[in-house]
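Just so it is clear, the values below take in all heavy atoms, side chains as well, and ignore hydrogens, waters and symmetry mates. Position 1 is the first residue of the sequence, and the numbers go up from there.
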Amino acid sequence: MAGVKGKQKTARDMILSLGVIMIAAGVIYLFVPHDDRAPDVKKVDYRIELLTARRAASYPVAAPEGLPDTWKATSVRFKGDDFDAWHLGFHAPDGEYVTIEQSTQKRSQFIDQASQGSTETKVTEQIGGRTWTRYTGGRYDALVLQDAEGSTTVVAGTGSFEQLTTMAGALKLA
């Protein structure tokens, strides 16, 4: 009889353990957020980095002016020791990503990196009095401007060419 009581106790313990686990899972489920919306993107203030870059870079640094508040700056950096590399990333109104990249690095290498492997097309656009070349494919599409000062400006991202054009048109060089 002792063997039967041992098996009953083991079965009872398993059922009790399973019950405790189910209750714990229910409690966790109640307290974990179930929001299916995308997380809110944090906006960064890039004014100080922009001023620093404009003082230190060997070319006029580009930043947008007059974009609606629905465009959120999400990342910024300036690396003076890395070909005066300027980066400013934005979350577009529809959730797409648009970035401004500038550098004095060798043009072909820089465009390949900044555009995530996009290739040049023969299509050009006049935006803000400057001629931009379209790049397509890869992860990003891009608009590329060869600046007279020896730098290259790339406006790239997952956004549409309309969004890239909006960004390129808003850029002010200083």
Should Tyr140 and Val98 be regarded as members of a common hydrophobic cluster, given that ILVMFWY residues are connected when their side-chain heavy atoms come within less than 4.5 Å of each other, either directly or indirectly? no
Let me confirm one number: the OG1-CZ distance from Thr152 to Arg107, rounded to the nearest 0.5 Å. 5.5 Å
Quick check for you: to the nearest 0.5 Å, what is the distance between Thr131 atom OG1 and Leu143 atom CG? 12.0 Å
On a heavy-atom basis, the closest approach of Pro64 and Ile100 is CD-CD1, 3.7 Å
My understanding is that a hydrophobic cluster links ILVMFWY residues whose side chain heavy atoms are under 4.5 Å apart, including indirect links. Using that, what else belongs to the cluster containing Tyr135? Phe110, Ile111, Val144, Val154
Please list all pairs passing the side-chain hydrogen bond (donor to acceptor under 3.5 Å, both in side chains) test where one or both residues lie in residues 48-59, with sequence neighbours left out. Ser58-Asp84
Name every donor-acceptor pair, under 3.5 Å, that has one atom in a side chain of residues 162-170 and the other anywhere in the protein, sequence neighbours excluded.
unit_1: Gln163; atom_1: OE1; unit_2: Ser160; atom_2: N; d: 2.9
unit_1: Gln163; atom_1: NE2; unit_2: Asp94; atom_2: OD1; d: 2.8
unit_1: Gln163; atom_1: NE2; unit_2: Asp94; atom_2: OD2; d: 3.2
unit_1: Thr165; atom_1: OG1; unit_2: Glu125; atom_2: OE1; d: 3.2
unit_1: Thr165; atom_1: OG1; unit_2: Phe161; atom_2: O; d: 2.8
unit_1: Thr166; atom_1: OG1; unit_2: Glu162; atom_2: O; d: 3.0

Minimal non-hydrogen separation, Ser115 against Ser118, with atom names: O-OG, 3.0 Å
Gap separating the CD atom of Gln113 from the OG atom of Ser103, nearest 0.5 angstrom: 8.0 Å
Mind telling me whether Phe78 and Trp86 have parallel, tilted or perpendicular rings, with 30° and 60° as the class edges? tilted
What residues, two or more places apart in sequence or in another chain, satisfy side-chain hydrogen bond (donor to acceptor under 3.5 Å, both in side chains) together with Arg139? none
What residues form a side-chain hydrogen bond (donor to acceptor under 3.5 Å, both in side chains) with Thr153, not counting sequence neighbours? Gln102, Asp147
Of all heavy-atom pairs between Ala156 and Ala142, which one has the smallest distance, and what is that distance? CB-CB, 3.7 Å
Run the salt bridge (charged side-chain N to carboxylate O under 4.0 Å, His left out) test against Asp45 and tell me which residues pass, sequence neighbours left out. Arg47
Where is the tightest heavy-atom contact between Phe90 and Ala73, given as atom of each residue plus distance? CD2-N, 3.5 Å
Mind checking salt bridge (charged side-chain N to carboxylate O under 4.0 Å, His left out) for Lys79 and listing every partner two or more places apart, or none if nothing turns up? none
Can you name the side-chain contact (heavy atoms from CB on, under 4.5 Å) partners of His87, sequence neighbours left out? Ser75, Arg77, Tyr97, Thr99, Glu101
Kindly write out the residues that satisfy side-chain contact (heavy atoms from CB on, under 4.5 Å) with Lys172, not counting sequence neighbours, or none if the list is empty. Glu65
Would you please name every residue forming a side-chain hydrogen bond (donor to acceptor under 3.5 Å, both in side chains) with Thr133, sequence neighbours left out? none
Could I get the full list of side-chain contact (heavy atoms from CB on, under 4.5 Å) partners for Ser108, not counting sequence neighbours? Lys106
Does Arg130 have any side-chain contact (heavy atoms from CB on, under 4.5 Å) partners at least two apart in sequence or in another chain, and if so, which? Trp132, Leu145, Leu173
